[in-house]
Amino acid sequence: PVVGRFTDGHGEFFCDDEYEGTPIQVRYTWSGITATSAHWTQAFSADGGATWETNWYMDSSRRA
């Protein structure tokens, strides 16, 4: 499960996971949210959140 919230149109959510046997933290962010679009990223941290490596992002848009 992820824990977090949306504040002022920006969402930040966290969970613990494991990558190749190493415990990591995962951060998911939502930003640039409009009625027709949003930006989402996923990032990993192996040092307790001191640094983050973004490894996936998506830009979503509503179809007409």
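Computation of the quantities below employed the complete heavy-atom set of this structure, encompassing side-chain atoms and omitting hydrogens, waters and symmetry-equivalent molecules.
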Please report, to 0.1 Å, the donor-acceptor pairs under 3.5 Å made by any side chain of residues 38-57, with sequence neighbours excluded.
from	atom 1	to	atom 2	distance (Å)
His39	ND1	Asp59	OD1	2.5
Thr41	OG1	Thr29	OG1	2.4
Gln42	NE2	Asn55	OD1	3.1
Ser45	OG	Asp47	N	3.4
Ser45	OG	Asp47	OD1	2.9
Ser45	OG	Gly49	N	2.8
Ser45	OG	Thr51	O	2.8
Asp47	OD1	Ala50	N	3.1
Asp47	OD1	Thr51	N	3.0
Asp47	OD1	Thr51	OG1	3.4
Asp47	OD2	Thr51	N	3.4
Asp47	OD2	Thr51	OG1	2.6
Trp52	NE1	Gly49	O	3.2

Contacts table for residues 11-23: side-chain donor-acceptor under 3.5 angstrom, sequence neighbours left out:
none

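Every residue meeting the side-chain hydrogen bond (donor to acceptor under 3.5 Å, both in side chains) condition with Ser37, not counting sequence neighbours, appears here in chain and number order: Thr34.
Residue Met58 is grouped with residue Tyr28 when hydrophobic side chains (ILVMFWY) are merged at heavy-atom distances under 4.5 angstrom, including chains of intermediate members.
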